[in-house]
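The figures here come from the full heavy-atom set of this structure, side chains too, leaving out hydrogens, waters and symmetry mates.
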Amino acid sequence: MTETDAPPTAAAGQDPPHPYTEEALARLMLSDAYREVADLALHGVTTGYDGSSIAGGGSYVEEAAALVAGAESVLRRAVVYERERGTSWEEIGAALGIAKQSAHKKFAADVERWRAPFDQPERLRPDGTPDDERIPHGVRYAAAPSAAAAPPRRPPASWRHGCARTHPTDSWPDHEHPVTGGLPRHSTTAMLLLADRSSFRLYEDQLVPGPQAQADLAERRAALYERLVREGDAPPEAHQWIAKDRARATALRNTPGHGTPWDAVEAPGPRAVEEGGQ
């Protein structure tokens, strides 16, 4: 996948926005499901094609069935979003008029599928967030897709319509960003925790991480601490940590090598094992 992983450039004197939280991304997925169902429902409102050959036998039943399936998708994504918000299974069950055990049995797999790329990501982006194929690049950061490099795949409809002002006849015409405007973003402290996650991942992926990758991580951590200082939330030791990370990054930039992958370590043969046991 070819895309620019850097966050969008901020206005002069401002820090660029942090990416959206996983809760926010779940809400965007729910918005996308709502938009799809709304489009399906609007398609059935007009009667202009009722007498044409386009409306074959069973076509209205087929469209209604698609609408029901879309509504089921909305419900499942709503449950995922509720779980990301911290809603209990008991509360979800009560909202559906069923027991919490029944709610868990019906929707737990949907929640697990949603969480899997976050809890055990195959890859991490440079900022430490999971490289999730479901989330178009650019949407993770900015209120408008144009604030970052163009995504390699088409964003869901709600993100295209909701990232900017929608049609004047919508119920939210005066909202600048009716979908993304109220979404929570990661804090700088949370981004530091994600940087630590990236550090652990380096050692999971390689026996000896490459010095340039380690330097990138040290510089990112220093930049986050500097931002924390600007925000007024940094601990007294922050300046020491910044200097330490900057010095480490400089030393690593001058270190040759590309690291050592785990598969470069050969397993001992039978003879070596036998001799080692003597």
_Basic-acidic side-chain contact under 4.0 Å: R27, E22_ = no
*Do any N or O atoms from the side chain of T87 and from the backbone of R83 form a donor-acceptor pair under 3.5 angstrom?*
no
*Do R77 and D32 meet the salt-bridge criterion of a basic N to acidic O distance under 4.0 Å?*
yes
*asked:* So does D132 get a backbone contact from the side chain of R125, meaning a donor-acceptor N/O pair under 3.5 Å?
replied: no
*Using atom types as modelled and distance alone, determine if a side-chain donor or acceptor of R230 lies under 3.5 Å from a backbone N or O of Y225.*
no
*Where do W241 and P235 come nearest, in terms of heavy atoms and distance?*
CZ3-CG, 3.4 Å
*Check: S88 main-chain N/O paired with E91 side-chain donor or acceptor under 3.5 Å*: yes
*Write out all pairs satisfying side-chain hydrogen bond (donor to acceptor under 3.5 Å, both in side chains) with one or both partners inside residues 98-108, taking only residues at least two apart or from two chains.*
none
*Counting only heavy atoms not in E237, do more than 12 sit closer than 6.0 Å to its CD atom?*
yes
*Main-chain N/O of E204 paired to W262 side chain as donor or acceptor, under 3.5 Å*: yes
_Restricting to non-hydrogen atoms, name the atom on Q212 and the atom on L252 that form the minimum distance, rounded to 0.1 Å._
NE2-O, 3.4 Å
*Is any NZ, NE, NH1 or NH2 atom of the basic residue among R201 and D205 found under 4.0 Å from an Asp or Glu carboxylate oxygen of the other?*
yes
*What's the verdict on side-chain contact (heavy atoms from CB on, under 4.5 Å) for Y81 and L28, showing C-alpha distance, side-chain angles and the deciding distance?*
CA-CA 9 Å; Y81 175 57; L28 283 172; over 6 Å; no
*Taking atom CD of Q214 and atom OG of S199, what is their separation to the nearest 0.5 Å?*
7.5 Å
*Supply the atom-to-atom distance E84 CD to E23 CD, rounded to the nearest 0.5 angstrom.*
7.0 Å
*Enclosure of E90 CD (heavy-atom neighbours >12, cutoff 6.0 Å)*: no
*Would you find a donor on one side and an acceptor on the other, under 3.5 Å apart, between the side chain of R76 and the backbone of F107?*
no
*In terms of side-chain geometry, is the basic nitrogen of E133 or R123 positioned less than 4.0 Å from the acidic oxygen of its partner?*
yes
*asked:* Is it the case that over 12 heavy atoms from other parts of the model lie below 6.0 angstrom from the OH atom of Y34?
replied: no
*Sub-3.5 Å donor-acceptor pair from the side chain of E219 to the main-chain atoms of A223, do we have one?*
no
*Please answer whether the main-chain N or O of V229 pairs with a side-chain N or O of D233 as donor and acceptor at a distance below 3.5 Å.*
no
*Rounded to the nearest 0.5 Å, what separation is found between the OH atom of Y20 and the CG atom of L25?*
9.0 Å
*Give a yes-or-no answer on whether the side chains of E231 and T188 include a donor-acceptor pair shorter than 3.5 Å.*
yes
*Using modelled atom types only, decide if a donor and an acceptor are shared between the side chain of T255 and the backbone of A251 within a distance under 3.5 Å.*
yes
